[in-house]
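Working notes, beginning with the structure itself.
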Number of protein chains: 4
Amino acid sequence: MSILGNYLQTGDWKGEKHVPVIHAPESVQANELINIKLSIGDSIAHPNTLEHHISWFKLYYLAEGAKFPVELGTYHFMAHGEADMFTEPVVTTSVKLPSSGKLIALSYCNIHGLWENSQDIKVI
Amino acid sequence: MSILGNYLQTGDWKGEKHVPVIHAPESVQANELINIKLSIGDSIAHPNTLEHHISWFKLYYLAEGAKFPVELGTYHFMAHGEADMFTEPVVTTSVKLPSSGKLIALSYCNIHGLWENSQDIKVI
Amino acid sequence: MSILGNYLQTGDWKGEKHVPVIHAPESVQANELINIKLSIGDSIAHPNTLEHHISWFKLYYLAEGAKFPVELGTYHFMAHGEADMFTEPVVTTSVKLPSSGKLIALSYCNIHGLWENSQDIKVI
Amino acid sequence: MSILGNYLQTGDWKGEKHVPVIHAPESVQANELINIKLSIGDSIAHPNTLEHHISWFKLYYLAEGAKFPVELGTYHFMAHGEADMFTEPVVTTSVKLPSSGKLIALSYCNIHGLWENSQDIKVI
Ligand SMILES: [Fe+3]
Ligand SMILES: [Fe+3]
Ligand SMILES: [Fe+3]
Ligand SMILES: [Fe+3]
């Protein structure tokens, strides 16, 4: 049995600053080029310091009926104060999806671990 | 509730070629520099082609009583036949750990998704 | 002397499909949150198949007078046909910059290697 | 012309703590599975703190006569004091190479930028 699965935290991003927010269309056409924006802190800001920051996002897609999620992208936010530069935990990516399913976003805070959110996409 | 957690597959690496194998000492001293080797296919080889390969490993440490796993490393295997070069899913990393806990290794096959293994480490 | 530097290819993205395109404001305020979009193929499309694809972008910032570039982000495009899903080499990231300098984007094609583009940013 | 190429620093690892050290056989057989160890600080230790650390290594292979380097692996060292855990900038990877060429290692320090080293490999 998975151990890490017990540590993939979830919640409502309106009240929990670590939950990734997925901005994606609810229905799209098959293989249409779509933009998906991932962010954190839309409601409550998360710190961005060397000591405490969002390190990365991953985005997966789980097609309806599929046994395995497919990884769409990995996004590492690299500057957290180095030479007074900051990369914020916000990213927009572009993908083509063949059929209905579920977007799953994963984020990692260097202090508070792994957090997940998901959103259904209907392919019409 | 986590959805991805339901797709973190596990098993015995002796019979399932996707499960990462953790080669680590069972007991170490606090903050001692230790080597941890991660591999796949020690018993049954996994393909390494453009169409089907192990893409990456991640390694986490969950200290006893901790609420959050800490990421120790991410290792992307990048060549799967490009110009006849191949990177095999084997990596050795070096870490220092302060207290007893659990190593958790995660691997990603571009076809068969996410797989997990874990091993206890006793700090004496 | 650097060897890899001889293999960081450049060119005009209007005629060379591997050169990353940087979409960024030319002048910004110090520490203002700005969006930077990186893409490839704005003029000539690059293939996106298992055999041949853009694997990642990196984005650096070289402040005026600085000796060292700072890495702002790393973006791995992970799906190139797996289960008929595709991640396109387009990403938007959000950063805060303290002073004038140069954005440097790096891209990697699994067949045609490393490509670079840059754009000045004036902090007013 | 490449700008980043001017910032790929090199030097003798015996006197410069940022230069990656490549531990690899000088001659191998074609397509033999070989181990390559990359490290930093074999002679002079580099700090490993949140404020100042080695963030990642990349490893490339440039076959003799080839126009493009192929990326073999990317290795992110993720813990720099989080919950008193540390990932050291040392990694061993396993690859198969078809012909003679040059290994090129790249490292990134979050304060001192990009550093390169290389080593010839003879395929016999
Ligand atoms: Fe946090
Ligand atoms: Fe597989
Ligand atoms: Fe190409
Ligand atoms: Fe340094």
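Only this structure's heavy atoms are used, side chains among them; waters, hydrogens and symmetry mates stay out. In the text below, chain A, chain B and the rest are named by the order of the sequence lines, each starting its count at 1. Predicted, not measured: the structure shown is a model, and the values here were computed from it.
- Once rounded to the nearest 0.5 Å, the distance linking OG of B:S2 with CG of A:L106 reads 8.0 Å.
- If you measure heavy-atom distances from A:I104 to chain B, the contacts under 4.5 Å come from the side chain alone.
- Using a 4.5 Å heavy-atom cutoff, the side chains of A:T74 and B:Y108 are not in contact.
- One finds the CG atom of A:L4 at 8.5 Å from the CG atom of B:L62 (value rounded to the nearest 0.5 Å).
- Of the residues considered (B:S55, B:G5, B:C109), B:G5 shows the highest number of contacts with chain A, using heavy-atom pairs under 4.5 Å.
- Side-chain atoms of B:L114 and A:Y60, non-hydrogen and from C-beta on, do get closer than 4.5 Å to each other.
- For the pair B:I111 and A:F68, the minimum side-chain heavy-atom distance is 4.5 Å or more.
- Contact between A:W56 and B:E71 at its shortest, heavy atoms only, is NE1-OE1, 2.9 Å.
- Within the 4.5 angstrom heavy-atom criterion, only side-chain atoms of B:T10, from C-beta onward, approach chain A.
- Panel note: side chain A:E116, backbone B:I3; a donor-acceptor pair is recorded below 3.5 Å.
- Contact count against chain B (heavy-atom pairs under 4.5 Å) is highest for A:K58 among A:K58, A:K67, A:K102.
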